[in-house]
K.L.:
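Pasting a structure below so you can have a look.
We count ligands from 1, going down the list as the structure has it; atoms in each ligand are counted the same way.
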Amino acid sequence: MRVAVVGAGPAGVYAADLLTKSEEVKSGALTLSIDLFDRYPAPFGLIRYGVAPDHPRIKGIIAALHKVLDRGDIRFFGNVNVGTDITLTELRARYDAVIFATGAIKDADLNIPGVELEGSWGAADFVSWYDGHPDVDRDWPLDAKEIAVIGNGNVALDVARILAKQADDLLTTEIPDNVYQALKRSPATDVHIFGRRGPAQIKFTPLELRELSQSPDVDIVLYPEDFEFDEESERQMQTNNQTKTMMGTLTNWIAAQPDDLAELTAKRRLHLHFLHNPVEILDSADAPGHVAAMRFERTELDGTGGVRGTGETVEYPVQAVYRAIGYFGSALPDLDFDHRRGVLPNDGGHVLDADGNPVPGVYATGWIKRGPVGLIGHTKGDALETIGMLLADREGLARPEHPEESAVIELLDGRGVEYTTWEGWHALDAHERELGTTATASGPVERERVKVVPRGDMVDISRAIRDLTGA
Ligand code: NAP
């Protein structure tokens, strides 16, 4: 059986790995060959381009994925855009099955007036910028002193932490030089995180929340009036250990806070506000077309874990707004799409057409299957479910017209697609690590790696090995 997996992030690599480890393959009942495609020249998806640079523990998952691909039984084709470089029909003609693991990389929309103003950013775009994504403009205007970050999930924490942190504390990480330089120049003094519900309804996780207090020269500011709990909040705190732990963290911070905030001494402040529903982003006469303030409606707990508006509005002067209200999946050519949820319509594994029938031989896993929720490890269970369905279907799958392994290479070469390979990733990886050990524009600090950002350079470095070996 030949399987194409589209998307070389954790979801795609887990699906490929679990397939190779299935009983059917281990027992010899099934001979399998898998090709892993990605639109970017480098593998690892959201771990390379979505995890914050100061989270080496999570980035460490790359080592496990690297090990899987190093075994040599899964081929990697990077810099290949499914839909333009190769169509779904062409994949179907070369593989028994296609698994989409394309994730969710766009920002969910926040539909409020003023969202289009200059200085109003999607968090996913900012994350892509600081993670050196090849398709994001390298210039990011970090000129705001006061900043609003909307959302109470871990992405909001990442964005706020990076904006508040001193740039030198990021210097040992893999941030590109231009990111370091821009953060170093940032005039930010106050970063405000706003949640629309209460402290007991946050979607942060305990480690990530606690980490906020570990940045040198950043004071955390909380507002005691946000800490009124209803019965449902009490219940959530008692029944959910994570919530309980995080309430402990937040209440310790409040207790340690001086009554007079003027006594805070750090260079930057990170404010956590709850019960603030975003209403409008405003510009001003002095700065027409540019973010100048943000208006919220105060909310109150409604006894069910939700909130209702109180009619009271408040405004904060801010010159930038980052919307961290969740990711959203993107439609794929030739497949139906659930535009409400941002996922491929599916029954837990099979991709479905507009009539709700399975598209033969086409499957989904990861965030494109179930939406952008859950930690990286959760995609493993997801992959297991999807490949279970694929293996159950295998006898009934139509054989591809061109099952030979060379067929896809002939097509890509014939089209002049400059695809990268696993050997190419080794070359790029070594190059980036080498850049990290040498003095960079940021100074002679040894760094984990310095990411190569321009797509053309990534491709050239990855493909140099091909040209040298003639492979
Ligand atoms: P998330 O956890 O779903 O959080 C989204 C937040 O946005 C929620 O607080 C939500 O509030 C809020 N929100 C949604 N619509 C809103 C609106 N219209 N107005 C105001 N607020 C709104 O999403 P995420 O932060 O993008 O994270 C995605 C996943 O990646 C999560 O599982 C997360 O844990 C994971 N992740 C983990 C890390 C890590 O370091 N471990 C880092 C990044 C991401 P409501 O709850 O009220 O809907």
K.L.:
Can you check whether Ala8's main-chain N or O pairs, donor with acceptor, with Asp38's side chain at less than 3.5 Å?
P.N.:
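A pair under 3.5 Å: yes.
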K.L.:
From the options Phe126, Trp140, Tyr40, select the one residue that forms a ring pair (Phe, Tyr, Trp, His ring centres under 6.0 Å) with His133.
P.N.:
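Only one of Phe126, Trp140, Tyr40 forms a ring pair (Phe, Tyr, Trp, His ring centres under 6.0 Å) with His133, namely Tyr40.
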K.L.:
Check for me whether the distance between the ring centres of Phe76 and Trp425 falls short of 6.0 Å.
P.N.:
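Between Trp425 and Phe76, which both carry aromatic rings, the centre distance is not below 6.0 Å.
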K.L.:
Around ligand 1, what residues show up once you keep those with a heavy atom under 4.0 Å from it?
P.N.:
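Contacts of ligand 1 under 4.0 Å: His55, Ile58, Leu110, Ile150, Gly151, Asn152, Gly153, Asn154, Val155, Asp158, Arg196, Arg197, Lys203, Glu208, Pro278, Ala324, Ile325, Gly326, Tyr327, Trp367, Pro372, Val373, Gly374, Leu375.
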K.L.:
Please check if the number of heavy atoms outside Glu231 that lie under 6.0 Å from its CD is greater than 12.
P.N.:
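Open.
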K.L.:
Where is the tightest heavy-atom contact between Lys165 and Arg268, given as atom of each residue plus distance?
P.N.:
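The pair with the smallest heavy-atom distance is O-NH1, 2.9 Å.
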K.L.:
Which pairs of donor and acceptor atoms, one on a side chain in residues 247-255, lie under 3.5 Å apart (sequence neighbours left out)?
P.N.:
unit_1: Thr249; atom_1: OG1; unit_2: Thr245; atom_2: O; d: 3.2
unit_1: Thr251; atom_1: OG1; unit_2: Met247; atom_2: O; d: 2.6
unit_1: Thr251; atom_1: OG1; unit_2: Gly248; atom_2: O; d: 3.2
unit_1: Asn252; atom_1: ND2; unit_2: Gly248; atom_2: O; d: 3.3

